[in-house]
Trainee: 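To start, I am sharing the structure in question, which I have written as structure tokens.
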Amino acid sequence: MKKIVLAYSGGLDTSCCVKWLQDKGFEVICFSANLGSEFLPSQLRNMSKRSGVKKIYVQDLRKEFARDYILASLKAGAVYQGKYLLSTALGRPLIARHLVEVARKEKASYIAHGCTAKGNDQVRLEIAVKALNPKLKIIAPLRQWDLTSRDSEIAYALKNNLPIKATREKIYSIDKNIWGVSIEAGFLEDLENEPKKDAFIMTRSWQEAPAVAEQISIGFEKGCPISLGGKRMELTSLIEKLNKIGGRHCIGRTDIVEDRTVGIKSREIYEAPAAWILHLAHKEIESVTLDKETLAFKDMVSLKYAQLIYQGLWFSKIKSALDAFIDKTQDKVSGSIGLKLYKGNVIVSKRRCPHSLYKKELATYGEGDRFNRDWAEGFINIWGMPHRGQNKK
Ligand code: ARG
């Protein structure tokens, strides 16, 4: 029998995929990754078994996700269209890498996923799989079968005795990991609808957030967050803790009409408390420790890097070349940042960096000024020389 490795979440789509692929004559092996969702391995094993799956790999990949994907994106300052910190997008190449690995172990020559034909995730998974092993063949049941609505999938699942939790009134499509939550579809498809309270998972509303600011501090070493409140922490735990703290204060909600890779505009809601706090703090340390040319160039790199992640080009030459540039910029990006969290706002209160380029003796308007006033006039004359008379009437 032909073996196929399916990226399995236990949701309605992938449960239907199992049966559909089996009917096409495949032996289905499931792979589920925990990147920080509400994830119960025993439940997944159970459900896959009841769908007739003989083998399932269930792996906790949170540490690898933080170390190799989230951290790279944080150092890069990658933000898509100003509002999306790429939580879902960053998970896909990691999942692809493990799908390829399982296929190798199982000597399977096929991979399957439950992504739709309209989304970015199919692009990310398939390009990543092909970058790692171009021989693998990919099947995307949702692009082929005639189950074109949620209701028809539910009917198919019921008819085939598949164990599903879904009900007809599932309102949103949600993808959650430790770097954030993506929420789309349903009620949110109307651009005039403000998200209701039930759309949010990680954050309290600003009305329910505490009426006093919470002071935190985050320590960085070479661009990597290493401590919270002065206490050293491993990156995954630090992110998870910061999600709780930031979530209480309604930090990191965004609402965006974004451009998908396939050309569709789509309305999305995101929650990413830890991600926004860390991006902000990291940027603050950079502003103190990097010179202006490096900062300006890195801004362009950030934009490109975010597009590469979003558009599924994680395993590409350009991405690894940019990593080399970014890593080079991070060697002095160390220190600690004090922040206040208050009703959706993150306010910088303290900056302390051992490799600071800020020189008080140059900046000061008070005592101890070491700036040479005599240099200013000559500098202005030469700097402004090409522009003299340019706007003369
Ligand atoms: N639009 C976001 C992205 O492309 C979120 C996708 C959410 N995926 C999902 N399977 N619900 O990264």
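Counting starts at 1 for both ligands and their atoms, following the listed order. Numbers for residues simply follow the sequence, beginning at 1. Side chains are part of it too, since the values below use all heavy atoms of this structure and drop only hydrogens, waters and symmetry mates.
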Trainee: Non-hydrogen atoms of Y84 versus ligand 1: any pair closer than 4.0 Å?
Mentor: yes
Trainee: Identify the closest protein heavy atom to atom 1 (N) of ligand 1: which residue and atom is it, and at what distance?
Mentor: E258 OE2, 2.7 Å
Trainee: Could you find the nearest protein heavy atom to atom 11 (N) of ligand 1 and give me its residue, atom name and distance?
Mentor: S173 OG, 3.1 Å
Trainee: For the residue pair K196 and F187, would you count it as a cation-pi contact if the rule is NZ or CZ under 6.0 angstrom from the ring centre and within 45 degrees of the ring axis?
Mentor: yes
Trainee: With under 30° as parallel and over 60° as perpendicular, where do the rings of W145 and W20 fit, or are they tilted in between?
Mentor: perpendicular
Trainee: What orientation do Y310 and Y80 show, parallel under 30°, tilted 30 to 60°, or perpendicular over 60°?
Mentor: parallel
Trainee: For atom 3 (C) of ligand 1, state which one of Q122, R124, R92, K176 supplies the nearest heavy atom.
Mentor: R124
Trainee: Which of the listed options, D121, I269, T116, holds the heavy atom that is closest to atom 10 (N) of ligand 1?
Mentor: D121
Trainee: Between ligand 1 and R260, is the shortest N or O to N or O distance under 3.5 Å?
Mentor: no
Trainee: So, Y270 and D255: side-chain donor and acceptor under 3.5 Å apart, yes or no?
Mentor: no
Trainee: Return the residue, atom name and 0.1 Å-rounded distance of the protein heavy atom closest to atom 6 (C) of ligand 1.
Mentor: T88 CG2, 3.9 Å
Trainee: Identify the closest protein heavy atom to atom 2 (C) of ligand 1: which residue and atom is it, and at what distance?
Mentor: Y270 OH, 3.1 Å
Trainee: Please state which protein non-hydrogen atom is closest to atom 4 (O) of ligand 1 and give its distance, to 0.1 Å?
Mentor: N120 ND2, 2.6 Å
Trainee: Can you check whether S227 reaches K231 side chain to side chain, under 4.5 Å on heavy atoms?
Mentor: no
Trainee: Is a donor from one side chain sitting under 3.5 angstrom from an acceptor on the other, for D323 and S320?
Mentor: no
Trainee: Regarding R253 and T203, do their side chains bring together a donor and an acceptor under 3.5 Å, going by distance alone?
Mentor: yes
Trainee: In the protein, what heavy atom is nearest to atom 7 (C) of ligand 1, and what distance, to one decimal place, separates them?
Mentor: E184 OE2, 3.6 Å
Trainee: Between T236 and I178, is there a side-chain heavy-atom distance shorter than 4.5 Å?
Mentor: yes
Trainee: Based purely on interatomic distance, does S182 place a nitrogen or oxygen under 3.5 Å from a nitrogen or oxygen of ligand 1?
Mentor: no
